[in-house]
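In what follows, a single structure is set out as structure tokens and then discussed.
All heavy atoms count here, side chains included; hydrogens, waters and symmetry mates do not. Quick note on labels: first sequence line is chain A, next is B, and so on, each numbered from 1.
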2 protein chains.
Amino acid sequence: MNLAEAAERIRMAIRSKEFLVIVGRMEVNYEGRASSTLGSGDRVLMIKPDGSVLIHRPTGYEPVNWQPPGSKIEVLLDDRLVIEARRVKPREILRIIFSKIYDVSSYKLRDEAEFAMYATEEDMRKAILMKPSIIEDGFKPIERERKAGDIGFIDIFGVDSAGRLVVVEIKRRNATSEDVKQLVRYVEKIEEEFGKRPRAIIVAPGVQRSAARELELYGIEFKALSPRRCAEILREGKGLERFLK
Amino acid sequence: MNLAEAAERIRMAIRSKEFLVIVGRMEVNYEGRASSTLGSGDRVLMIKPDGSVLIHRPTGYEPVNWQPPGSKIEVLLDDRLVIEARRVKPREILRIIFSKIYDVSSYKLRDEAEFAMYATEEDMRKAILMKPSIIEDGFKPIERERKAGDIGFIDIFGVDSAGRLVVVEIKRRNATSEDVKQLVRYVEKIEEEFGKRPRAIIVAPGVQRSAARELELYGIEFKALSPRRCAEILREGKGLERFLK
DNA sequence: CCGTAAATTTCGCCA
DNA sequence: TGGCGAAGTTTACGG
């Protein structure tokens with residue numbers, strides 16, 4: 001494809017806020033928070049209506065180079081076709097130099113659909129707060145996101161049926177030994193603050209082998225709870241809310 | 001575009017390991033580590049030769065849904081065109097249901113170029129090890145990635161010209177109060193271990209306002225060093241290496 | 001294959 | 001606007 005023709009089509013598409021897909025042979029240079037260079041090769045370049053820029057090689061999940069939403073696009077043409085995407089804060093520039101253009105396509109895309117994600121860690125916390133008995137009978141949450149000194153935040157802080165303090169750490173994936181260590185640090189902070197050692201419970205779908213050892217070692221409890229079960233609880237809760245209105 | 005025709009082109013492209021770009025109106029469902037649903041809308045779907053799958057909405061850096069490299073792609077056609085991308089470990093399935101196809105393109109892309117990223121945190125460490133005087137005259141590194149008890153790793157551990165121990169923490173971005181606190185924890189660990197308090201230096205392009213307070217408070221030193229300067233030092237070093245051969 | 005740390009992380013929430 | 005923490009994080013690098 002003719003470079004001049006390509007340049008014109010690209011300029012038009014950007015002006016009319018279309019979703020651009022450009023396939024070609026290009027070099028890429030990036031300068032900003034870091035710096036990178038990428039020699040000549042065939043790639044797919046996407047320029048979105050919001051100023052996002054993505055350059056994808058033939059392999060991998062991540063783009064090899066990119067510019068986040070809001071960047072300003074410039075199309076330059078002399079002997080070669082160059083596309084620059086600039087950002088001011090932080091100051092970054094992405095320069096794409098084409099030696100061949102295989103394809104330029106642009107689309108007006110309409111996408112108003114809602115994206116719904118189920119069972120994040122936040123969802124798990126909500127589910128526990130909505131139905132604390134899934135941790136154990138008589139468990140009463142007191143605070144969420146409680147500050148533990150300067151080392152972090154306790155997911156849920158509460159008391160059990162016997163009145164003992166309980167520190168709950170939630171993970172949507174299997175708990176690691178790192179997670180256990182973090183929880184131990186919270187326990188120590190709470191012990192400093194209240195003068196007595198709290199119970200500590202990791203709530204997660206499972207525990208990694210290495211973490212199981214540490215649970216034993218530090219006297220941390222484990223309560224199995226899957227994100228899926230939390231999603232169910234939230235659905236029940238929503239149904240209830242609607243019923244009560 | 002005809003759905004049956006599209007299905008055939010997509011199957012062909014996948015068989016011959018081409019880079020696929022499909023633009024159309026689609027619904028998306030994901031089930032795996034989490035779950036998500038996305039209603040009907042216009043999007044760009046990319047399927048890479050290595051089995052990566054990316055679905056991009058008209059805005060944002062991140063794909064709304066995806067499947068990492070190595071997933072198995074299936075193209076199903078009855079009354080609708082459905083593409084499924086499956087992964088076994090962890091078990092995940094991405095299902096894309098098309099109601100319209102605007103465009104199907106596929107490409108044989110050749111990209112053997114080397115990607116070079118300059119001045120990561122690792123590069124900064126290398127630069128300091130290569131030329132310790134950029135920290136201060138007489139600074140001698142002893143160990144890198146030194147374990148500090150069970151709380152983490154010290155970037156560079158060394159001694160100054162007066163023989164005092166020095167703990168160096170490197171950041172490629174401005175240092176935060178969290179970084180200072182982490183360094184303080186290292187200092188305490190080293191003091192426990194050696195029975196004397198080491199000097200502690202944060203090496204970074206700058207410090208956040210909140211961190212500046214804490215530097216004062218804990219007696220932590222700061223040495224300004226930009227990733228860019230480190231990249232220069234590494235270039236000089238490489239030049240030297242070549243010269244010495 | 002597990003574990004750890006970094007990332008041009010991005011993204012969302014909240015002060 | 002900045003700070004903080006999660007993410008279907010991914011990726012790279014050890015052991």
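- Between A34(A) and A211(A), it is A211(A) whose nearest contact on DNA chain C lies nearer the 5' terminus.
- Comparing dT4(C), dT10(C), dT9(D) by their nearest atom to the side chain of E178(A) picks out dT4(C).
- Ionic pairing of E188(A) and R185(A) is not present here: no N-O contact between side-chain nitrogen and carboxylate oxygen is shorter than 4.0 angstrom.
- Position along DNA chain D of the nearest nucleotide to M117(A) versus R144(B) favours M117(A) as the more 5'-ward residue.
- Residue K181(A) places its side chain closer to dT4(C) than to any other of dT11(D), dA7(D), dT4(C).
- You'll find the side chain of W66(B) stays beyond 4.5 Å of the side chain of V53(B), heavy atoms only.
- OP1 or OP2 of dT10(C) sits under 4.0 Å from a side-chain N or O of R33(A).
- Closest to the Y30(A) side chain, of the nucleotides dA7(D), dT8(C), dG3(C), is dT8(C).
- R173(A) places its CZ atom 9 Å from the P atom of dA7(D), with the value rounded to the nearest Å.
- Among the atoms of the strands shown, only primed sugar atoms or phosphate atoms (P, OP1, OP2) are found under 4.0 Å from some heavy atom of K89(A).
- Each of T176(A) and R87(A) lies near DNA chain C, and the nucleotide nearest T176(A) is the one positioned closer to the 5' end.
- Between the side chain of E122(A) and the base of dG12(C) there is no donor-acceptor pair of N/O atoms closer than 3.5 Å.
- Taking the 5.5 Å centre cut-off and the 30° plane limit, the aromatic side chain of Y61(B) is not classed as stacked on dT10(C).
- Between the side chain of K48(B) and the main chain of G60(A), a donor-acceptor pair closer than 3.5 Å is present.
- Both E62(A) and V64(B) sit near DNA chain D, but only V64(B) has its closest nucleotide nearer the 5' end.
- Look at T120(A) and you won't find any side-chain N or O under 4.0 angstrom from OP1 or OP2 of dA6(D).
- Between the side-chain ring of W66(B) and the base of dG8(D), a stacking contact exists by the 5.5 Å and 30° definition.
- Ion pairing between a basic and an acidic side chain is recognised when a charged N comes within 4.0 Å of a carboxylate O; E92(A) and R86(A) show no such pairing.
- As judged by a 4.0 angstrom heavy-atom cut-off over every strand, E92(B) is placed among the base-contacting residues.
- Nearest nucleotide to the Q67(B) side chain, out of dG8(D), dT8(C), dA6(D): dG8(D).
- Rounded to the nearest Å, the gap between the C1' atom of dA5(C) and that of dT9(C) is 13 Å.
- Taking atom CD on E145(A) and atom P on dG12(C), their separation rounds to 18 Å, with Å as the unit.
- At a threshold of 4.0 angstrom between heavy atoms, the contacts of S36(B) with the nucleic acid are absent.
- Nucleic acid contact class of P90(B) (heavy atoms, under 4.0 Å, all strands): none.
- Within the 4.0 angstrom heavy-atom criterion, only backbone atoms of the sugar-phosphate kind lie near R172(A); the bases stay farther away.
- Checking dA6(D), dG3(C), dG8(D) against every side-chain atom of Q208(A), the shortest atom distance belongs to dG3(C).
- R146(B) has its CZ atom 16 Å from the P atom of dA5(C), to the nearest Å.
- Residue S35(B) is classed as having no contact, given no heavy-atom separation below 4.0 Å to the nucleic acid.
- Taking the side chain of F153(A) as heavy atoms from C-beta on, and the options dG8(D), dT4(C), dC4(D), the nearest nucleotide is dC4(D).
- K147(B) NZ: more than 12 foreign heavy atoms inside a 6.0 Å radius.
- With a 6.0 Å radius and a threshold of 12 heavy atoms from other residues, nucleotides or ligands, R144(A) has its CZ atom at or below the threshold.
- Distance from the side chain of N65(B) is smallest for dG8(D) among the nucleotides dT11(D), dG8(D), dT10(C).
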